[in-house]
Amino acid sequence: MRVVTVAGTRPELIKLAPLIPLLDARFEHVYLFTGQHYSPSMVQVFLDELDARAPDRWLDVGSSDPEALTVATRDALADIAPDVILAYGDTNSTLAAGIGAEELGIPLFHIEAGIRSFDRSMPEEVNRVRVDAIAALRLAPTGLATWFLTAFEGYDAVSCPAVGNLVVDAWRRHRPLIDARPAPALAAPYAVLTMHRQATVDDPEVFARALAELARVDMPILFPVHPRTTARLEAFGLEWPENIVVSEPLGYLDFCRAMSGAAVLLTDSGGVQEEAISLDIPCVTLRPNTERMETVFLGANRLFDLARDTDLAGVAARAIAEHDARPYRLNPFGDGRAAERIVALLEMLGGGETTVTFQDAPGIVGLEALRAAAATLGRRDG
Ligand code: UDP
């Protein structure tokens, strides 16, 4: 069976890293990179340090333009002619893979399916909903995501198994390397910040409010700046407050090392909210909503609306003070075996048996649910 995995951005490179070698070992596997992200600090560093091999096909699109990504990805998929396409998350590359799969009539497995902020002003939310509608199987990270897909969007539960989130696989797999990295040169306590979403940095008023709120947080804030954010800061003539320690984007290992020593994480990133609960660090999400509500229910994450809320310093202080008193320490994103479950599902397409083993984990599906999901697609040759 020929399987294509499509990636195009930093978070996809990170989260897919644990899956790539398992696919290489079992299938005729083609790793396709669209080139949506292209600067070395957003791409090459992850290929070097994550023990992830280079993609087989590199499309060099060099932008997030949906049309350019769709044309290039569809043409490459037509040329490769896979039996199954895997795509991750909610980027324009994910959508390009989805549209390509639909036009070519090839089954798409959408990894990280079903997460919802219910905020259609976010381009990521629109991409998620569209890709889930195209997908033959929707591989949800949690039971809540499965529930959104079935209760609100009417998909059959068997086609939306909760396999866990590859973020936990990536973190567990690289943990010895992360622990071996030097700590950032900052006196504790310090915070770590990420901020790059359209709603945060594309509006000069919201961006300026964010900087004013961050300036009042009473500790140094390490901020490895996304290229998008630097471009907006310069365009709006804004300046970093004194307590923000700006750096280039970090590699995954250094970034996780910095997060693991932080008192609190301040972020508008999706992946960082998942990593915060996996690393057991308090998190404040700089958005009015999140598609990772599990982290909020469990008291590990709180929302701060940069357009409206005040006193980020107080919210961060409470997040730190109340973190250890949480009644449940469960990681809703699974046991770090999402990659094995995805591979098991692929092996069982057409009634085959799987070569991978894993234990059952709370809230995550077992072998029989994966077998049932595989059976919905019928027999595939090869
Ligand atoms: N990350 C990183 N270096 C940094 C900042 C973030 O390696 O300097 C990682 C982080 O650990 C997470 C991912 O990048 O796994 C998040 O990517 P991003 O914020 O670009 O995307 P999102 O998760 O919001 O889709």
Side-chain angles (χ1 to χ4, degrees), residues 5 11-23 50 86-90 94 109-116 128 132 135 137-150 157-175 178 252 256 259-260 265 269-281 283 290-301 326-348 354 356-374:
T5 305
E12 291 157 285
L13 287 172
I14 292 170
K15 291 176 179 175
L16 289 168
L19 183 60
I20 300 300
L22 302 188
L23 296 171
L50 291 185
L86 302 180
Y88 189 97
D90 53 26
T94 318
F109 288 15
H110 183 209
I111 310 173
E112 200 187 70
I115 68 171
R116 296 287 183 267
R128 288 178 199 124
D132 281 335
L137 288 179
R138 289 155 283 272
L139 309 183
T142 65
L144 183 64
T146 299
W147 184 66
F148 288 159
L149 287 164
T150 53
V158 78
S159 73
C160 312
V163 297
N165 191 319
L166 286 170
V167 82
V168 187
D169 301 42
W171 153 245
R172 294 242 171 110
R173 182 181 155 117
H174 295 101
R175 191 166 186 174
I178 292 166
Y252 175 74
C256 284
M259 283 196 293
S260 64
L265 305 177
S269 154
V272 173
Q273 295 172 61
E274 297 160 352
E275 286 161 350
I277 196 166
S278 303
L279 275 67
D280 199 20
I281 307 293
C283 185
T290 177
E291 54 295 309
R292 276 91 174 168
M293 275 309 284
E294 299 87 340
T295 60
V296 177
F297 298 151
L298 291 167
N301 187 15
R326 285 175 295 139
Y328 296 106
R329 290 307 188 91
L330 181 83
N331 187 342
F333 299 116
D335 60 352
R337 296 273 178 268
E340 277 90 340
R341 290 186 178 83
I342 293 166
V343 166
L345 204 166
L346 285 165
E347 286 188 316
M348 292 190 292
T354 177
V356 291
T357 52
F358 47 82
Q359 307 289 317
D360 283 349
I364 306 297
V365 298
L367 207 54
E368 285 319 308
L370 296 173
R371 199 187 305 282

Is the side chain of D169 donor-acceptor paired with the backbone N or O of A339 at a distance under 3.5 Å, no angle test? yes

Within this structure, what is the CZ-CG distance for the pair F109 and L86, rounded to the nearest 0.5 Å? 7.0 Å

What distance do M259 atom CE and S278 atom OG have between them, rounded to the nearest 0.5 Å? 9.0 Å

Tell me, do W171 and L279 make a side-chain contact under 4.5 Å, heavy atoms counted? yes

Distance, nearest 0.5 Å, that separates CD of E294 from CG of N165: 9.5 Å

Donor-acceptor pair, H110 side chain versus G89 backbone, under 3.5 Å? yes

In plain terms, say whether D90 and R116 are close enough for a salt bridge, that is, a side-chain N and a carboxylate O under 4.0 Å apart. no

Nearest 0.5 Å please: distance from the CZ atom of R175 over to the SG atom of C256. 10.5 Å

Does a side-chain N-to-carboxylate-O contact under 4.0 Å join E274 and K15? yes

Using every non-hydrogen atom in the two residues, find where G271 and V167 come nearest and quote the distance to one decimal. O-CG2, 4.3 Å

What heavy-atom pair brings A344 and L370 nearest, and what distance separates the two atoms? CB-CD1, 4.3 Å

Side-chain touch L19/I111, heavy atoms, less than 4.5 angstrom: yes

Are more than 12 heavy atoms, taken from residues, nucleotides or ligands other than R128, located less than 6.0 Å from that residue's CZ atom? yes

L345 side chain near L139 side chain, heavy-atom distance below 4.5 Å: yes

Would you say the side-chain atoms of T290 pair up with the backbone N or O of M293, donor to acceptor, closer than 3.5 Å? no

Could you report the tightest heavy-atom contact between A157 and T150, atom names first, then the distance? CA-CG2, 3.5 Å

Between V365 and R341 the two heavy atoms that sit nearest each other are O-NE, 3.2 Å

Let me confirm one number: the CG-CG distance from L346 to L23, rounded to the nearest 0.5 Å. 6.5 Å

R292 bridged to E275 by N-O distance under 4.0 Å: no

Pair R326 + D280, salt bridge at N-O below 4.0 Å: yes

With a 4.5 Å heavy-atom cut-off, do V163 and R337 have their side chains touching? no

Backbone N or O of C160 within a donor-acceptor pair of the T146 side chain at under 3.5 Å? yes

Counting C-beta onward and ignoring hydrogens, is there a side-chain heavy-atom pair between L50 and H174 closer than 4.5 Å? yes

Looking at side-chain heavy atoms only, is the closest gap between V168 and D335 below 4.5 Å? no

Do the side chains of C283 and I277 get nearer than 4.5 Å, heavy atoms only? no

Heavy-atom closest pair, residues I115 and P141: CG2-CG, 3.5 Å

Less than 4.5 Å apart, any side-chain heavy atom of T142 and any of W147? no

Between D132 and G114, the two heavy atoms sitting closest are OD2-N, 3.0 Å

Short question: side chain of T94, backbone of Y88 - any donor-acceptor pair under 3.5 Å? yes

Distance (rounded to the nearest 0.5 Å) between M348 CE and T354 OG1: 6.0 Å

